[in-house]
Every structure is written in C-alpha cells, then in structure tokens.
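To find a chain, count down the sequence lines: A is the first, B the second, and so on, and within it residues start at 1.
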Amino acid sequence: MGKLYDELLKDYRVKEGLKTCINCGTCTAICPAAEFYRYDPRKVMDIVQSRDEEEIEKLLKSDFIWYCGECMSCVTRCPRKNGPGLVIMALRNLSARLGYFVCSEKGRQLYPLTRILTGNILNYGYCVYPDTFKWEDHKESGPVWKWHTEHIRDTMARVGANFKGEGPGVLRKIPQESLDELKRIFDVTGGTERIETVEKFSRAKAEEMGMDMDEYFRETFEHTSGSHLNNDD
Amino acid sequence: MIYQGKQKIWADYQKEIPDNHWFYVRSCIRQNFFPGSEKMFLEICRNVLKKDFFETEYHTTCGGIAYHCDTIPQETVMTIVARQFALMTEAGYENYVASCITSFGNYAEIIETWREFPEVETRIRELLWKACRREFKIPKNLAHASDLIYKYRNEIAARAKYRLVNRYTGEPLKVVEHIGCHYAKMFPSKGVGGAEYPYVLCGMIESWGGNVIDYPERRHCCGYGFRQYHVKANRGYSLSNTYKKFESMEPYHPDFILTNCPGCPYFMDRWQYVIAETEGKTYGGNGYGIPVLTYEELASLVLGYDPWDIGMQLHQVAVEPLLDKIGIAYDPKEKYKGLNEKDLMRPELPGVLRCC
Amino acid sequence: MKENIVIIGGGIAGLEAAAQLLSLGYKPIIIEKSDHLGGHVAEWNCLFPDMTPARDIVSSLAARSADANIFLNTEISFVNKLKDSYNIMLSNGISIITKIILVTTGFSVFDAAKKEEYGYGVYDQVITNRDLEHWFNTGEDKRVNDCGMNAVGFVHCVGSRDEKARNPQCSKVCCITAVKQAIELKQKFPDAMVYCFYMDLRMFGKKYEDFYISAQRDYGVRFIRGRVSEVSENIDGRVIVKAEDTLSGKPVKVTLDLLVLMAGMVCSPDSTRVANMARLPVDSDGFLKSEDNVADIISSPKEGVFYAGACTGPKTVPETLAEARAAALKVHLYIKGLE
Amino acid sequence: MDFGFKLSPSSAINLDKVDLSRFEKLHGIEPDIIKCMACGSCTSSCPANRFSGMSLRKVILDLQRGREKEALGMLRNCMLCGKCTMVCPRGINTRHLILSICRIYGEDGK
C-alpha cells in the first residue's frame, strides 16, 4: 500500500471534492454536524490537503470523520468548488478498508450499520424493510408505526401496497433472480469483501473489549460516551 | 422578501422534463413509511393524466442509503445503479424517474462522475457484465418524481376538487416547503429552481392555491444524516436538526409542510412526536403537530381522494385539523380500518402530542 | 500634432490620459457611452484612505480634459483594421481613422444577485457597496433609512475569489472599501454594531493598515474571519447571516438590520465588446490581455492599441491614474516613433 | 418517555445573544484589546502553549464571543512571563491586559 494520501487521491470523490481549500469556513458555517458535534469540516479538509501522513492516520482513526451526515450542503457553497462531504466519504471508505474504523467509537458503528443495511439489501432488495425496522429499536417511529407493523398485511393492503406480493408494486417481493444478481454485484465489486473486512476487524475489536458479537452490536448501536457533543466534558 | 427576485432565479433553472414515457423506480423509505404515496403517484400519472409510466418488478434498491452509511464501496453502488439503467434500457425507455431523493442524487452523482472520468464508466460496464450479463444506456433524462408532479401541476389544478385555502377565513393556507438535500444541493442545475430557492414544490403550492412561507432555516437539512439516524446512539443529531427547523418556522404558524424527499416527512413527522414527548412542546396549535405531507399525498388530497385510501393514517401527526381547514370530507371511523371494514384496533395515543 | 488619438471610455483613466495628452499638445477624442464623465468614480462618495470627495477628483479631471473632443452617449459600432490604421465607426454615424486607440473601458461591478445564497434582490435588507455609496451621496434609500441601524454587516469577497461565481481573482479594493464604509457608517451611527466578514484582509496600499487599525481601535468595527455561507430573512424582515468564526472554529450567526455585499470587479462587457471588435486577446482572468503583465501592462499585443485602468484587472484610483499617465507617455513616444 | 437519545446543544455562536457588558468594561481600561488582529504571535511564543493549550489569541476571541469560561480556563495556565508582549505586532501590552482580564472577570470570585 502506498501512502495514505496517495490512497485517498485514487478515490474519485477526492479528485472531485478537494482541489485547493482556502480555509474560508463556508462549509462549517452551514454544516448540521458542525453545530451539534465537536466537528469542523474545514479542519478535516485542511488536514487532508496538508498531506501530513501522521495527521491523516490520526484522522482515519478518529471520531471526527464519522460526524458528517452526508447532506452535502457544503457542496453548494464552497467557493473553490470543493466537496467536503465527498472527501469525508473517501476518508470513511479508507478507514473501513484499513480497519482503522474500530479505533473510534463512532467508527465502530460501521458494524451494526453494515449488518443492518447490507443485510436488508441482500435479503430483501431494499435498504430499509419493515421486517427489520423494529419499533423496539425505533421508538421514535411512534405508536402509529407499532400499530402499522402489528397489522402490516392489512394496513399495507388498505393503502394499495403489494407487500410481499408477486409482480410490481409497493414493497413487493423482489424476485430471487434479482437478489442473486445483487449478490453477484457485491461479489465482483468489492461489496462482499467490504462486509467481510468490517466483520473481521469488528470481531477482533469485540474480543479485545470482551464482548460477543451480539453484545458488541448492542454496544455500538446504542451506546454513546461523552466527548462528542458540545457540552460534554 | 422580493418575490420578483426569486422569479428571476427560477427562470434561470428550468430543467427539461419530457411530458411522457417514463421508467419509474421506487424509494425504499417511501415504500416503508408512505406506501400510499407511490401508489398514488402512479394512479395520478397513469389513470388521471393518462401518461405512460413503466415499472418492473425486477428493480431493486439503488443502494443509496447503504452507500451514504459508508457500508458499500463506490463501485458496488455504481454497479447496482448500472443494473437499474440496464432494466430501463431493456424495457425500451430513456427517461428515468426516481421516487427517492437520495436515489436521484445518487444517479446524478454517478452520471456526472462517469462523464468526468469515462474510465470509471468503462470499468462499471465490465463489472455489470461480469455480474449480470447486462448492458445499459445512460438515461437521456433523469427526473425526480416531484419534477413530474410539478410538470403536471396545472393539469392537476384543473381537475382539483379542493384548493389550499382556509375555508373558515378564505385565506390561502400557509405552507412550508422542504426540499431533500440531495435534490439540488450537489447539482443546482438538476433541480427545478436551483439549490437556493427551489421552485419544484413552490410551483405546486402556488398552482393549488396556497402561500409559500420562507423562514430562516428553510434550506437546513431535516437531520436524517444516514448513519446519524440508523444508529440509535446518534439520533440526537437527527432530532436536533429538525428541532432547529421547527423553532425557526414556529413564528410563521404554517398550516402544513410539503416535502419532496421520502425521508424528510418521516423525520419531521416523528421528531415532532419525540419533541412533544420529551420537551413538552408542540407546534401546530391546540396541542397538535404540523402535518408533514408528501407531494403525492397533497396532489391526491386536492384531487379529492379519500385521505385514508392514500395512507394519511400512517402519519404520527394528526392530519385532521388540516383536512378540516381545507374542507376535505373524511370519515373518522374509517381511519384505522383495514379493507372491507376489517377492525384493526387503533394506535395508542401519545402522552403529549395530540392525535385523532 | 494632427495624429488622431481615440480614447474609448470617459472614466477616470480616459480623462487623466486625455488631460496628459492635451498638455503634450495632442487633441484626443473621448468616446463615452453614458451621458456623463467619470465612470464608477462619479457614483462614489468618498475615496480611501483620506476620504477625498470623489466628485472633486472627477470634476478636476473633467476640467483638465475639457478641451478634448468628447462624444457622450456614444458607442463604438465597429472597428476595422486598415493597412496601418483603424477605422472606428461610432453609433452617432461619425467614423474616425486613427493609428492609436487607448482602451479605458474599465470594469463592471459584479452582479451580486448571482450569489443567490446572499439574497441580493430577494431579501429587502441586502444591499451592495455601490448602493451604500449611492446612499452616502443622496441619502435616498428606504432600506438604509428605515432599518433602525442597530447592527450592520459587510460581506467581503462577493463574486471575488470565487470559482463558483466564475471570478477567481481578488478584486483588491473591496477590503479597504469595506473598512472605509464601515467607518463611515459608524460615524453616522455610533451605537450600531458593525461586523466585517472577511477571509483575508488585503491592506496593501498606502495607509490602509492605519485605516484598518483605526476601524478597530477608534470605531470598534468587529472583524470576523469567515466567509459568509448563507443569508436568510426572519419574520421581522431582518437578515440572518451565517459564517464560520474560523478563528474559534465554530459556526457563528448574527441578525442584522442591513447587510452590505462587497461586490467585486469583473471585466466590463464593454471591454469585451471592444476586444472582440479590435481582435484584442482576453486573459485567463477575463480581463484584457497585456503584452506583459509585469513589464508592459499598458501595451496590447496589437499595433497602436494601448490600455489604461481596470480594463486589464482590478485597480485602485491612484493606480488607474498613474497608469493613465504612463499610457499617455507611451502614446506620445509611439507617435514620435511613427514620425 | 425515554427514547435513548435527546436534543444536543448547539455550538453555534449567536452574536445576538452575547453579553458584552464585561468585555466593554475591560475595553474601557484596555482600549488596545480590540486592536488584536488574531495573528497568533502571542500563542506561538507562549511557553505555556505547548503543554496546556494556552492561547492569548483565543482568550481575546472567546471573551468577545461570550465564551468566558473557556477563556478563563485557558488563562489559568498563563505564567505571566510577558513574552507575548515582546512579540505583539500591534504593540498591545498583553501582560497588562491579562492582569486586567483577571481583575475584571475575577470579580465574582473566579
């Protein structure tokens, strides 16, 4: 592997997203994450463009790169046509590939995310799916969602969805041959390899933390320590 | 506010939207939380306006949420998207319309990346062939489904049963519009009206009789943030961003909020519930919330569809006060019924947020 | 001394060059498309750093160049290259054969409405540097008069140093103009909070730094290092400005009664038009291209065509005047060479 | 009801709400404080900076942004060596300034 900066530069999102940054702060000014986390996208851009390997490695192992919500509001405003949000995506990608993500609490959340989202895609063909979107894990979805999922065949039929049905329509069953194609796409494009990498590093980290994988899942999915928010000490 | 100033900007961002013959792809989030909306989109386009919208059961998620949660590499999402394009090509279409804003942004980003770096497109063609033995053409026109309803807004207005007017006062309803971030923030020219003053929803509201409210945090993200919502530990971020928007719009007393992204109405609806339960604060008057509608729901309501047929009962914030203001007829007893009057009980009532 | 000299543009560069050429014994012709002389400077109130009234500069220049042949309300219809001269057709039907053209077409103020996120032309209380000078001159502007003036902001670099606005270069004079206008507002409204949002403060000219120190020390103007990202309007019609306070690394917002956008300089469409007609090259910054940007900025690559002032890039008033004098001398020596 | 998460505080500095009354008092006795142009010379020469993060530049800024707690926390690390006074290009008597800050902001028992 080459140097971290060189690895980043191979990513098209860095080619697109980081030309030259003038540290003006237009990105941070309207960044939702900068307001609610201890986060400053301008500084992330500045570290990457510094090409300081040590600093970039620290960044890849830190919580900072995981605060962004990828809303891309920064892209609209940058006077140098940079995309800090795109650079964040490249940093996260590299952190995942190298296993650095397990070094930070927010990075470790990649494990539950990968399990939930790639699981939904490969099993159902959807990113979000009622069978795995449980009220217990999503109490904010409200009593209405609880009711809806308790009666889902009926409530879906009431509004004309084709829930788990054949043929087209809302939340139809996606044919097995299409799911097979998705699996083969994952296999040839590095999607499967990424899932395995995240799994491998997370397993090692869970062991280090003295947890089994279910405990590790709950821990990374639910737990937040101090120091991320502005009033944390 | 100088309305003509906005009109000048709108005139600069008029994208080409063909009138007919579209290949339709669905949204993961919309299907889960607003299943009636997608059904109504096709109902209005096909049966009311007699347009050709094709859907194949073989299409899948675009992978956008997984991509923006950083769980799949760029090549994976690009190849999934290439497969969707292949399905369009095989069906003989060249206009591609997505129900989801994340998808729409994803498609736009990928097409732009391929344009800028043709070697990436070549590589993805190879990967798609290897995985699926499929080939594709890049869509000639890419639209978001709200672009189409915008395009048809006057035809809908001509057939409308209701207008967005408060029947007690005769005043136009005050409407907040909220645009999904990935609609135009990355590529302002891809959105009707651009990134700063998008017109896609304003056009519908104006055409159907309402007044648009511009409030300070109008452009701010709803706070979805992908991993900031899907991981429970991070949801304070998502909640806080919606809270910021509601605090900013509160002095304007909006009658409802119109959205074009599938996620935003879910978050702005449910976070009102959470804010009510945790902070004791409600925004809609008399303890109610402010209803947050999808553009398909709004189009269906003005066209006179039954609110419970289009899925308004799946909102946490009660829509009845809005229906009453417009004068839309509905039967409260039918709200939580299944087909053929099947009794499905009803959701529990929240502790603070007033619901019907 | 019968050689025709055509000066295109009756701004301060054209007038100063004409005055010098008159004193050298020539009778230059000034073509001005508007109905008055003095260009942008004629619309300004006071000039930094000594607060010289702009009208004094313009009236003195106009007096010194009064003996030139001046065509107001006149545009160039076309320019033909003849064997060793140019045939210039004017919009009033007159045609002039000349061997010497001095281009003094100047700049345009960047159209601030193009920075959509700043809301010029959309939000009532957003004005430009030019609007504010107009108010200094006339006292007529509802937006300024009726706003209470408790808090005012200046946004530097509007349409300058901005690739999105297709204007990557620095307009150079806006930093000091903002400091000047901030001081002037403070003089009129001592209790107002005045903020300047800047990226860098380019205080390059004589006494500019003193001016900046005075703005801080004597007037309490507050400088915030961060480029404004977004402006919105609240229910009272005041504007909310968002930037990053980059020195503390935190987002900052403030509600203002009035926001002044420091619209930068771009090459004027008239310069581009003349360049097209006379086949003059345009530089990568959009301004007219000189023979050499260091050694010979006032010569064009075309025989007998010279430049002075902001048609080759943003310049201050003293720089423009100095260039106009240099161009006059260059023209004089060129004519000597022809003889 | 506990959802497992809650509203986060905003880090945005809202200049509309910053109370500058103590800063104005300080400015009354230290008029040069607003001449600071945030060049950072003080910080780079500060012997306390390396191990404590003390930065007079940030202290001056924080006081103007209503972040008094942060400013005073940093100032505790100052050793009053006066190096910053020697390097300030705007000629601010920083050592004197620091003592005045302590006096004004220390009034309610800090």
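Ring centers of F197(C) and H156(C): at least 6.0 Å apart, outside the cut-off. If you look at Y208(C) and Y212(C), their ring centroids are not closer than 6.0 Å.
When heavy atoms are compared at a cutoff of 4.5 Å, L61(D) approaches chain C solely by way of its side chain, counted from C-beta outward. Interface residue R222(C): only side-chain heavy atoms are found under 4.5 Å from chain D. Neither the backbone nor the side chain of I60(D) comes within contact range of chain C, judged by heavy atoms closer than 4.5 Å. No part of E70(D) comes within reach of chain C, as not one of its non-hydrogen atoms sits under 4.5 angstrom from that chain.
With chain D as partner, the option from L201(C), I240(C), I224(C) having the largest number of non-hydrogen pairs under 4.5 angstrom is I224(C). Heavy-atom pairs under 4.5 Å with chain C peak, among K58(D), K17(D), R67(D), at R67(D). The candidate from K35(D), M37(D), H27(D) with the greatest count of non-hydrogen atom pairs under 4.5 Å with chain C is K35(D). Counting heavy-atom pairs closer than 4.5 Å to chain D, the top residue among V221(C), D245(C), L256(C) is D245(C).
Under the side-chain contact (heavy atoms from CB on, under 4.5 Å) rule, C36(D) has a single partner from T94(D), L97(D), I92(D), which is I92(D).
E43(C) and H134(C) share no side-chain donor-acceptor pair at under 3.5 Å. Between E24(D) and S21(D), the side chains place no donor N or O within less than 3.5 Å of an acceptor N or O (distance only, hydrogens not considered).
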> So K142(C) and D124(C), salt bridge (charged side-chain N to carboxylate O under 4.0 Å, His left out) or not? Walk me through it.
Replying inline: CA-CA 10 Å; K142(C) 262 178 69 67; D124(C) 292 293; over 6 Å; no
